[in-house]
Amino acid sequence: MSPPASTPATHVVPEGFKPPKVTHNTRVLPGFKLSLGLTITYLSLIVLIPLAALIARPWEHGLEAVINTVTDERVLASLKVTFGISFAAAIANLFTGLAVAWVLTRYEFPGKRILDALVDLPFALPTAVAGISLCTMYATNGWIGSLLEPLGIRVSYTPLGIFVALVFVGLPFIVRSVQPVLAEFDAEVEEAATTLGASPLQTAFRVILPALAPALLTGFSLAFARAVGEYGSVIFIAGNMPFLSEITPLLIVIKLEEFDYAGAATVALTLLSLSFLVLIVLNAAQLILSKRGQK
Amino acid sequence: MSAKAARFPKTPAAIGLTLFVIAWMVLVIILPLANVLFEAFARGVAPYLTSLAHPDAISAVKLTLLVAAIAVPLNAVFGIAAAWAITRFEFSGKGLLLSILDLPFTISPVISGLVWVLLFGAHGWFGAVLQDAGIQIIFALPGLVIATILVTLPFVARELIPLMQDQGTDEEVAAVTLGANGWSLFFRVTLPNIKWALTYGVLLCTARAMGEFGAVSVVSGHIRGLTNTLPLHIEVLYNEYDSVGAFAAATLLAGLAIITLILKTFLEWRFAGELAAHRKH
Amino acid sequence: MSLIVSNITKTFDHFPALTDVSFQAEPGEFLALLGPSGSGKTTLLRLLAGLDQPNTGTVQFDGIDYLALNPRDRRIGMVFQSYALFRHMSVAQNIAFGLTVRPSKERPSKSEIKATVERLLKLIQLEDFGHRYPSQLSGGQRQRVALARALAINPRILLLDEPFGALDALVRKDLRRWLRQIHDETGVTTIFVTHDQEEALDLADRVVVLKSGQIEQIGKPVELYHRPQTEFVFDFLGSSNPAPARVDGDTAHFDGFSVPVISATPLNGQKTTRFRPFDTQLATEGAGFKAKLVSVLPAGPSLRLELKGADGTLYEVHQAHDSNAADLKVRDTVYIRPTKVYAF
């Protein structure tokens, strides 16, 4: 009987071998039990137990009730509105966000720093404030709404309003994902493409854009995930017409106000599961894209 | 690796793209912000001040500050503990812990409010027990606080973890060999090294805590003068067609957002090296 | 007050970093742990400081079981390879740290701490740098601050991990002499880790040579150099040339000549002996290893010649600048004759 190959009888030290550097030693630095205990307790109380309730509550009236709730026309319509418009807004931000990131990293112009700082406004501005401001702006007597009215375009109180709100909310995610990659993009690679005879447009589309793809996808995922759950900036401008412009988070609130806890939990769990599913797919795609880049 | 230096746009395409981006930023970001001010002062300064001086508005401001004053320190302490555990020790399940830590970023704010109603609401798991004991959580301050804590939980930890990972343990280990105990180690070596990142995390956490709408809306019950935070106060006024009142209150939060952006930009500019290398919101 | 390390074994994920390591450091001794990377020398240092625990074995200092002591209580001054200075503290605050974190009962008074810091700043010749921050210092200055910080706690033992690793050659030599001087002044038992044999031989009272987690030899620099006990020690301490010979007790027999052989134990039979570049004579004729000259380079006090034997063996030979080797030209045929060889 030969010994298993994985346990060699003698240990051969490879050339230049360094034993793994022990940077984290559970014995030397104090506070392991205290900090980990605190962390786990806090996360359990604030995140895990509440989530357990969310996962457990839908089933209290049986599986049939869950299926009935999920297949309810109004719920399905709200999911379609939520995911459809979130997707459309994230796509729109993909292009405009890339343009913003490109201009902010590549060009110099007066007021650039302020513009750069303002990209984060949707992160910082409370959603309710954004909601009422957008709603007023795009109402038929608002700054923008009054300009669109003669063209027959109505934004506030229509699905288009939801789109406008989600574009506002999602912009910084794309810009801030792409910006660092673009800023660190090796100038020599671009110059190499030029010396090989590529036009600026060819360089942009065949050299730079593929390198940005993973970052773009990351930004897209973040913007999309945020949009699906968005509430404050949407409900004012949406009009909230069932089947037409009613988003799923609002439906959860409505069910809760009717004291239909199980129903609210069911819709919430559905929304959460679907958005996780989309995120998993996007993450997988992102992983494939970024692996392709690093050989 | 050197990036291309930024310069003034020269080609027609570059000028066109730059102008488009400026126009887009004006439309998407600047106009909605300007509109808040415009609507708030639509009928002049007096109505603006009157609506801000209204008792409901004042109690909303107080409540907002109170909620943030409870939620932010708790999340800051948690963030430090989590960052210490995660970056200073090896243990199994760390990846899972990090994923759980990120969950509040992915969950809809409405769901972050809903879960507390499912636990503590009238028909919640602990609803009956709490009612017997005479404790009110939902539609009361505790509900607002825990909903805010859940929504803003990752901010401080997420800011500290990459930085502390980068800084490594060299200085702390050296302090141990010099005889430092746990607390002097933390207060004299660790804390001074992470103070700006901590400030940054607390800033983002505070801004979000004061502006949170969805989660708070679900647990608040919208009782005027009692459980209405500033964002909820805005909603109530707006739905009652008190546009000036709503936008006047909104200017407070918009001002907070601008201050946040200014401080954030300042911290990023001044202490770039002492903040986490990459941003994640 | 000697440090006694006995039978230390340490494994990382089934990889044996240290196997049955035992040695003793006498009071006031300056000891070097010498070995290539991966030899376990840094691991050994970390075990002494209490930053890692061995699987088996004991560490005793002055009769105290050191493994049972918390690293905080060992009073071991450790100078880290990265220096690990506190970046937000001034030089003076860095040096004072170990004193100011003591429990209030054992803490020296403010004026005492100030006096200690000033004394140490003078010792490391940075009197005027107390208010500077680590980022404002050069590599050599940081290293000296790290040393002062470790000395401030009045350590029982001073440990230095590759103390000159991150410095350029010029600074390194200066600091080396200076470190020896500090050691002689303070008299602290000092153990330092290095992969540089020249540094170890130049500085230490005794050298512990490590290879793959095991001790190859312990001895004074001269002993190691003149009486290497293993082939590894011989090769690690300097350049060497191979020479197959028939060994007969204290003599090695080659084709046409014989030379004395140095070995730890009397050897007999066919052996590949080794000789140093400077234990050689060169001749254009006569007995010796026939080789063609590849290059001649001045190397400090001597000429360094590279030669290629008829069978392809490469030889390195050192000759005085004023020897006949200076007249040789590349591709000349010469005969190399060792004056003494080592066998293991």
Side-chain angles (χ1 to χ4, degrees), chain A residues 23-24 26 28-32 35-36 38-39 42-43 46-47 50 53-54 57 96 99-100 103 106-109 115 117-118 120-121 123-130 132-134 136-137 143 167-168 171 176 183-187 225 229 231-232 249 252-253 256 259 261 264-265 268 272, chain B residues 1-4 6-9 17-18 21 24-25 28-29 32 35-36 39 78 81-82 84-85 88-90 100 103 106 108-111 114-119 123 125 149-150 153 168-169 172-173 176 182 207 211 213-214 218 231 234-235 238 246 250 253-254 257 260-261 265 279 281:
Chain A
T23 44
H24 311 295
T26 42
V28 178
L29 294 178
F32 176 59
S35 61
L36 189 62
L38 195 67
T39 304
Y42 199 83
L43 281 178
I46 304 290
V47 182
L54 180 69
R57 289 297 298 246
T96 54
V100 172
V103 167
R106 290 304 167 94
Y107 303 131
E108 200 57 65
F109 54 90
L115 221 52
L118 278 174
D120 282 333
L121 186 80
F123 286 149
L125 194 68
T127 52
V129 177
I132 62 168
S133 186
L134 289 173
T136 315
M137 257 175 74
W143 284 353
V167 164
F168 172 81
L171 180 69
R176 293 300 186 229
E184 279 174 26
F185 195 81
D186 196 346
Y231 179 68
I252 296 171
V253 174
L256 206 55
F259 294 102
Y261 283 19
L272 201 57
Chain B
M1 204 162 87
S2 63
K4 246 181 159 164
R7 51 176 183 225
F8 282 93
L17 188 64
T18 307
V21 163
W24 184 255
M25 287 289 292
V28 175
I29 306 281
N35 189 49
V36 173
E39 295 288 341
F78 160 77
W84 183 261
R88 293 307 183 243
F89 304 102
E90 283 307 329
I100 297 172
L103 271 181
T106 353
S108 170
V110 168
I111 299 178
L114 166 75
V115 291
W116 299 110
V117 180
L118 296 180
L119 284 178
H123 304 283
W125 278 354
I149 288 178
L150 173 52
L153 181 134
T169 58
E172 283 141 2
V173 170
V176 168
F213 178 71
V218 172
I234 292 171
E235 182 195 18
Y238 191 77
L253 288 176
T260 305
L261 284 189
T265 308
R279 303 261 79 85
H281 295 271

Separation between CG of A/L272 and OG1 of B/T106, rounded to the nearest 0.5 Å | 8.0 Å
Under 4.5 Å from any heavy atom of chain B - which part of A/L54 = both
Atom group of B/V28 that falls short of 4.5 Å from chain A, counting heavy atoms | both
With respect to chain A, which residue among B/G211, B/G214, B/A246 yields the maximal number of heavy-atom pairs within a distance under 4.5 Å?
-> B/G211
Against chain B, label A/A264 side chain, backbone, both or neither, depending on which of its atoms sit under 4.5 Å from a heavy atom there.
-> both
Given a strict heavy-atom distance threshold of 4.5 Å, which part of B/I111 is in contact with chain A: side chain, backbone, both, or neither?
-> side chain
Verify side-chain contact (heavy atoms from CB on, under 4.5 Å) between B/N35 and A/W143, making sure each step is shown before the conclusion.
-> CA-CA 8 Å; B/N35 189 49; A/W143 284 353; 3.9 Å; yes
Which atom pair, heavy atoms only, marks the closest approach of B/W84 to A/P30?
-> NE1-O, 3.0 Å
Contact winner vs chain B - A/L125, A/T96, A/I252, heavy-atom pairs under 4.5 Å | A/T96
Between B/L150, B/V36, B/I234, B/V218, which has the largest tally of heavy atom pairs under 4.5 Å with chain A?
-> B/L150
Compare every heavy atom of B/A82 with every heavy atom of A/T39, then report the nearest pair and how far apart it is.
-> OG1-CA, 3.2 Å
B/R88 side chain vs A/L29 backbone, donor-acceptor pair below 3.5 Å = no
Counting heavy-atom pairs under 4.5 angstrom with chain B, the leader among A/V167, A/V253, A/L171, A/L115 is A/L115
Any donor-acceptor pair under 3.5 Å linking the side chain of A/S133 with the backbone of B/P32?
-> yes
Residue B/F8 versus chain A: region with a heavy atom under 4.5 Å | both
OG1 on B/T18 to CZ on A/R106, rounded to 0.5 Å = 12.0 Å
Compare every heavy atom of B/L261 with every heavy atom of A/A117, then report the nearest pair and how far apart it is.
-> O-CD1, 3.7 Å
For B/L153, is it the side chain, the backbone, both, or neither that has a heavy atom closer than 4.5 Å to a heavy atom of chain A?
-> side chain
Any side-chain heavy-atom pair of B/L119 and A/P50 under 4.5 Å | yes
When the 4.5 angstrom heavy-atom criterion is applied to B/T265 and chain A, the contacting part is side chain
Proximal component of B/E39, with respect to chain A [non-hydrogen, under 4.5 Å] | side chain
What part of B/W24 gets closer than 4.5 Å to chain A, counting heavy atoms only: side chain, backbone, both or neither?
-> side chain
Under 30°, 30 to 60°, or over 60°: which ring-plane class applies to A/Y42 and B/F78, parallel, tilted or perpendicular?
-> parallel
For A/A128 and B/P231, the nearest pair of non-hydrogen atoms, with its separation, is CB-O, 4.0 Å
Determine the interplanar angle of the A/Y231 and B/F213 rings, folded into 0 to 90°, and report it as parallel if under 30°, tilted if 30 to 60°, perpendicular if over 60°.
-> parallel
Which one of A/T127, A/V103, A/L38 has the most heavy-atom pairs closer than 4.5 Å to chain B?
-> A/V103
Shortest non-hydrogen contact from B/H123 toward A/R57 | O-NH2, 2.9 Å
So how far is it from A/I46 CD1 to B/I100 CD1, rounded to the nearest 0.5 Å?
-> 13.5 Å
Non-hydrogen atoms of chain A under 4.5 Å away: do they reach the side chain of B/L17, the backbone, both or neither?
-> both
Shortest non-hydrogen contact between B/S108 and A/G229, atoms and distance = OG-O, 2.7 Å
